[in-house]
Chemist: 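Following this message is one structure expressed as structure tokens.
Here is the naming used below: chain letters follow the sequence lines, and residue numbers restart at 1 for every chain. Computed from a predicted model, the values in this text were never measured in an experiment.
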There are 2 protein chains.
Amino acid sequence: MTLTNNSKRRKELVAIAARLFCEQGYERTTVRMLADAMGIKSGSLFHHFNDKQEILCAVIQDGMESAMTIADQALEGLTQPKERFKALARAHLSTLLNDRNAHVVALYEWRSLTDESLSVLIDMRDRYEQLWQQVIDDCVETGLIKGDQPLIRRFALGALNWTVQWYDADGEKTPDDLAQALGELIGLG
Amino acid sequence: MTLTNNSKRRKELVAIAARLFCEQGYERTTVRMLADAMGIKSGSLFHHFNDKQEILCAVIQDGMESAMTIADQALEGLTQPKERFKALARAHLSTLLNDRNAHVVALYEWRSLTDESLSVLIDMRDRYEQLWQQVIDDCVETGLIKGDQPLIRRFALGALNWTVQWYDADGEKTPDDLAQALGELIGLG
DNA sequence: TTTCAAATCTAGCGCTTGCTTGGTTTTTGG
DNA sequence: CCAAAAACCAAGCAAGCGCTAGATTTGAAA
């Protein structure tokens, strides 16, 4: 196998792993559980991944890539700070709640990553946060919001990320409703 | 041993366990690591706790009790909704960042609890959230904030809980600064 | 049809895990 | 000072863990 294999089969396996890691946590999910859910024997898993930790890394990486792509698309063509903020919040909630498995894993399980995997993922996360920071900086500079800019970013992302703890997809509120509500709460009616 | 032993020794052990669980996660922390850090042999651990999971439960329980106590104290004597909100936010950040170990564990590791432990802790959490809900309801009813009330509570607690991910105790901002900043962000200057 | 790599299986190794048991030391209350 | 209780230790068991090695099957290209 190649080190960073991106075959279709591998993507499928990663999605299955994401579900199990999300449901039971990384450490409690054994390679045998993963293999069972994938319909193969545990030994065969190591044809696709060098070790268990690599599966975890792949899950988180897929989630982050998807978040980045959707955020970029959402901002395309928008110039007004207020609209950009609201679009970014909608995009964030959209990935967060659609690719929920991967994102829950990313939020909960990064401590099980090797330093090497971690540094790759931290780079991705930093790039994503920079996107947010620019949008928030614009809101502050045009006087739409007041306050310490990095702090606002952290509060906003905290409020949004926390939704995975309580959001019910079968409920009445859509992710877009939530994004709108957050905008209103911080004065971006 | 009694089932819910609350001896001083046990409290010490729970605090040590909180540190290890916070640093490495519950599943990655072995009973041997715990025993080493406590200065005893791994077998002796089971004189104080029936099983490993009970240690986790005790860690979270201690954290929640402390949060509840501090919140009650903070609200005592305050009647103005705005002041009550800000006091509650200060209290929340104060426990969150002082008893950080226990609270990080509570946020990250509840999936490793048995159903029995979980139901006890969920009751405590619900009571705590009710405290927040009342304060927020007052703010909305007196026109200080606008929006869906449970949603505001969730956004606020999300923003606050997320601080454990990035807050640096050696930095320039105090927990009180953060509480103040959150208040300003949602229009409670 | 032959070839060859990718994908899978079979079988199990070496190690760690949570936890138990039975005995010893330390602490404490009368 | 002494007995009972609490705390601890030494030794190890049974189960499960991540992972490996070598053989076998599958599937597409030549």
Chemist: Round to a whole Å and report the spacing from CG of B:L13 to C1' of D:dC8.
Modeler: 12 Å

Chemist: Which parts of residues 18-30 of chain A get close to DNA chain D, meaning a heavy atom less than 4.0 angstrom away?
Modeler: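 Of all residues in residues 18-30 of chain A, the ones placing a heavy atom under 4.0 Å from DNA chain D are A:T29, A:T30.
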
Chemist: Are any of A:H47's side-chain N or O atoms less than 4.0 Å away from OP1 or OP2 of C:dT8?
Modeler: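 No.
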
Chemist: OP1, OP2 of C:dT8 versus side-chain N and O of A:H48: anything below 4.0 Å?
Modeler: yes

Chemist: For B:L157, enumerate each residue passing the side chain to side chain contact (heavy atoms under 4.5 Å, CB included) test, keeping only those at least two apart in sequence or located in another chain.
Modeler: B:H92, B:E129, B:W132, B:R153, B:N161

Chemist: Pair up each side-chain donor or acceptor in residues 176-183 of chain A with any protein partner under 3.5 Å, not counting sequence neighbours, and list the distances.
Modeler:
unit_1 : atom_1 : unit_2 : atom_2 : d
A:D177 : OD1    : A:T174 : OG1    : 3.4
A:D177 : OD2    : A:T174 : N      : 3.0
A:D177 : OD2    : A:T174 : OG1    : 3.3
A:Q180 : NE2    : A:E184 : OE2    : 3.0

Chemist: Does anything in residues 32-43 of chain A come within less than 4.0 Å of DNA chain C? Heavy atoms only, and list the residues if so.
Modeler: A:R32, A:I40, A:K41

Chemist: Which residues satisfy the salt bridge (charged side-chain N to carboxylate O under 4.0 Å, His left out) test with B:R32, sequence neighbours excluded?
Modeler: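 Salt bridge (charged side-chain N to carboxylate O under 4.0 Å, His left out) check on B:R32 returns nothing, list empty.
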
Chemist: Going by the rule salt bridge (charged side-chain N to carboxylate O under 4.0 Å, His left out), which residues pair with A:K41 if we only count those two or more places apart in sequence or in a different chain?
Modeler: none

Chemist: Can you check whether A:S44 has a side-chain N or O nearer than 4.0 Å to OP1 or OP2 of C:dA7?
Modeler: no

Chemist: Who are the salt bridge (charged side-chain N to carboxylate O under 4.0 Å, His left out) partners of A:E27, not counting sequence neighbours?
Modeler: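 With neighbours one apart ignored, the set is B:R28.
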
Chemist: Side chain of A:Y26, backbone of A:W110: donor and acceptor closer than 3.5 Å?
Modeler: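 No, the answer is negative, given that no donor and acceptor are paired below the 3.5 Å cut-off.
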
Chemist: Grab the CZ-P distance between A:F49 and D:dG18 for me, whole Å please.
Modeler: 14 Å

Chemist: Among residues at least two apart in sequence or on other chains, which ones pass side chain to side chain contact (heavy atoms under 4.5 Å, CB included) with B:D36?
Modeler: none

Chemist: Send over the distance from A:L56 CG to D:dG18 C1', rounded to a whole Å.
Modeler: 15 Å

Chemist: Can you give the donor-acceptor pairs under 3.5 Å from side chains of residues 63-71 of chain A to other protein atoms, not counting sequence neighbours?
Modeler:
unit_1 : atom_1 : unit_2 : atom_2 : d
A:S66  : OG     : A:D99  : OD2    : 2.6
A:T69  : OG1    : A:E65  : O      : 2.8

